[in-house]
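Worksheet: one structure, shown below.
Reminder, nothing fancy here: chain letters follow the sequence lines and each chain counts from 1.
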Amino acid sequence: MINASPGKRLRGLPIFGAVLLGCVLFIAIFADLLAPFSITQIDVARQLEGPTSLHWLGTDENGKDVLSLLLHGARVACLVGLSTVAFCSILGTTIGCISGYFGGWVDEVIMRATETLMAFPGILLAILVIFVTQQPSILAVIGALSITGWAGYARLVRAQVLAEREREYVEAAKSLGFGNARIMYREIIPNILGPVIVQATFGVAGAILAEASLSFLGLGPQDAPSWGALLDQGASYFLLTPHLAIFPGLAIMFTVLGINFLGDGLRDWLDPRQIRSN
Amino acid sequence: MGPFLLRRFLSSLLVIFGVVTLVFFVIRAVPGDPVASILGEQALEVDKQAFRDCLHLDDSLFTQYKLFWSDVGNGTLGELCDDRGVTVKDKLVANLPSTAELALASLLVAMLIAFPLGILASLRPYSWIDNSSAVIALLGISIPNFWLGPMLLILFSITLQALPNPGGGVTGLSALVLPAITLGSGLAAKLARMTRSSMLEVLNLDYVRTAKAKGLSRFVVVMKHAFRNAMVPVVTVLGLQFGAILTGAIIVEKIFARPGLGTLLLDGIEQRNYMIVQGAVIFIALSYVIVNFITDVVYSLVDPRIRFD
C-alpha cells in the first residue's frame, strides 16, 4: 500500500477504523438475527421498489429485502476477506521463509514462480480460475484469490529473512544445534511478523474488493448474497432504482475505509521500516 | 547498466514462458467437452469432428502445447474454430483501440488530479491542504470503481442530464468522460500521495535551496527544479499501476457498456469460448510484463544510480 496516513491531527482514525470493523464483524456474525427478512424470500409483487417503511433500503429484482441482503453480504465479505488472507499469509510466509533461509536454487525457483503469478494484474488470474471451476462458490472464490495472493507475502517475508538470517541470534540458535524448522518458526518468523501483519490487514481490504469485483462481473459466489452481486444488479437497473447501487457500494466503501484506517495505524505501530517525515 | 538490464530481460522472458504455460494448462483443466460447450449439444457430428481437428483436441497434450507456442510465436494466438479464418489476434486488434483510449484518458484524468494535489500537499506538509488531500486519497482508494461508475451515471446522466447514457450509441469525448474519471480516480489517489512524498524528499535537497537562493521565483523552483526530479520514482508507480488500469478497464467497460478487451474477455467467458478467454488473458498479462520491463529500462536510463537487486 502507499502511504496515505494523514498528519498528527488525524491520529484517532485507526481507532475509528477498528470500531467500524467491529460493527461489520458483529453484523456478519449475527446477520441471521439482525436481518428483518429471510434472504430466500422472493416477493414478485415488490420487485425493485425504492425504500419504504416495510423495506428500509428497498427491494432487489426478485423482491428480496435489500437490507437483509446487505447484512448477509457482510458475512460473505468477512468470510472471503479473512480466510483468503489467513490462507495467503500462512502459505506465503512459510514459502517466503524457506526461500530466503535456504537460498540457492530453491530461492530461484520460488522467486520465478511468484514473478509469474504476479504477472497477472489484479483479479485476472482469479477470473481465469473461476472460469475453469465453472460453478463459482465461496470456496472457489477464496481459492482463486489465494492462488495469486500468497506470492506477495512470500516476497515480503523472503526479503526480511535475507536480512534476518545473518543476525547473531540466528547464529546463536544454529550453534545451539536447533533444526532449520525450529529456527525458522521459533526464531526468525516471530521477529519479522510486524510487516506481515500490516500487509495482511491491507490484504483483507484487497480480498473484499476483489470478491466484490468478481461478483460484479458475475463471477462471484453463486451460493451466497454478495455486495458485489447487488451492485451488479444496481448498475443494470440504475435508471429505475438508484438505491440498489448506492447502499452496497457504501457498505463496501466503509468496510474498506475502516481497514485502511486500521492498517495505517498498525503500520505506524508495527513496521519499523516506516520512518515518518515529520 | 548492461548486466542489470540483461538479467531483467532474461527474467522477463522466464515470466512470459511461465505465464503462457500456466494459462495453457489451467485452461485445459476446464471440465467437460469444449466442443459441446461452444457448438452446443445438438451440433452435427461432422461439425464436431471438424472442430476437434481444428483445435487439435485429438492430439496429445504435449503436441497441443507445442502448437500453442507456435500460435503465440506467430502472434495469432490461435484460430477461432467456430469462426474459421478468424484468429484471436483479429478479435484483440478490433477491441484494443477502445481499451487503449479509455486507459490513456484515465491516465490523463489521474495526472490532472494527482499532480496539483500532490504538489500542494508537499509544499505545506501537515497543513489542512495536506490532510484533506490525504483524506481524498484514502477515499479514492476505498471507493470501488464499480460503485463510483454507477454513482456518476446517476448524477450526470439522469439527474443532470449532462452526459449520454451508456450503450446509447453515443461515441466520442462525451461518452469517454465518465469512464475515464471512474477508472482514473483510484490511480489519482495513489499518484497524489506518491507525488507528495517524492516532492518532500526533493524539496529538502541542496540544489533546491541553491535555486531558491539564486532568487528564482517559487513557481520555477517548484515546477522546474523540484517537480521534474520528483517525477522519477513516480514513473515506476505508473508502470506498476498499468496492470490496475487493465483490470479496472474490464469493470469500467462493463458499467458503461463499452466495447474493449474486458468486454471481449467477459463475452468469451459467457460463451465458454476458451480460445478467446485464453488469448485475452495472455495478452493482458504479457502487455503488463512488457510495460513493467520498459518502465525499469526507462527508470534505469533516467536515474543511473538505480539498481534492482
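Only the side chain of A:Leu231 comes within contact range of chain B, with heavy atoms under 4.5 Å apart. Only the backbone of A:Met118 has a heavy atom closer than 4.5 Å to any heavy atom of chain B. Contact annotation for A:Ile130: neither backbone nor side-chain heavy atoms come within less than 4.5 Å of a heavy atom of chain B. Proximity to chain B is absent for every atom of A:Ile259, based on heavy atoms less than 4.5 angstrom apart.
In this structure, the side chains of B:Val23 and A:Leu128 come closer than 4.5 Å at one or more pairs of heavy atoms. By the 4.5 Å heavy-atom criterion applied to side chains, B:Val30 and A:Thr133 are not counted as neighbours. Contact annotation: the side chain of A:Ile252 approaches that of B:Phe146 to within less than 4.5 Å [non-hydrogen atoms, C-beta and beyond]. Inter-residue side-chain proximity for A:Ile123 and B:Ile250 is flagged as unmet; no heavy-atom pair is nearer than 4.5 Å. Between A:Phe120 and B:Leu22 there is a side-chain heavy-atom pair separated by less than 4.5 Å. Using a 4.5 Å cut-off on side-chain heavy atoms (C-beta onward), B:Ile284 and A:Pro121 make contact.
No side-chain donor-acceptor contact under 3.5 Å links B:Trp147 to the backbone of A:Met253. In terms of modelled atom types and a separation under 3.5 Å, the side chain of A:Arg112 and the main chain of B:Gly18 share no donor-acceptor contact.
B:Ile141 contributes atom CD1, which lies 8.5 Å from atom CZ of A:Phe202 (distance to the nearest 0.5 angstrom). The OG atom of B:Ser12 lies 8.0 Å from the CD atom of A:Glu115; values are rounded to the nearest 0.5 Å.
Counted within 6.0 Å of CD on A:Gln222, heavy atoms from surrounding residues, nucleotides or ligands total more than 12; the atom is thus considered enclosed. Around CZ of B:Phe25, the count of heavy atoms belonging to other residues, nucleotides or ligands within 6.0 Å exceeds 12. The 12-atom threshold is exceeded at CZ of B:Phe24, counting heavy atoms of other residues, nucleotides or ligands nearer than 6.0 Å.
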Decide side-chain contact (heavy atoms from CB on, under 4.5 Å) for A:Phe261 and B:Leu138; before the verdict, give the C-alpha distance in whole Å, the side-chain angles of both, and the deciding distance to 0.1 Å.
CA-CA 9 Å; A:Phe261 285 156; B:Leu138 254 178; 3.0 Å; yes
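Below 4.5 Å, heavy atoms of chain B meet heavy atoms from A:Leu209, A:Ala212, A:Ser213, A:Phe216, A:Leu217, A:Gly218, all part of residues 209-218 of chain A.
In terms of heavy-atom pairs under 4.5 Å with chain A, the best-connected choice from B:Ile143, B:Thr21, B:Leu14 is B:Ile143. Put simply, of B:Ile269, B:Val289, B:Ile27, B:Asn292, the one with the most heavy-atom pairs under 4.5 Å next to chain A is B:Ile269.
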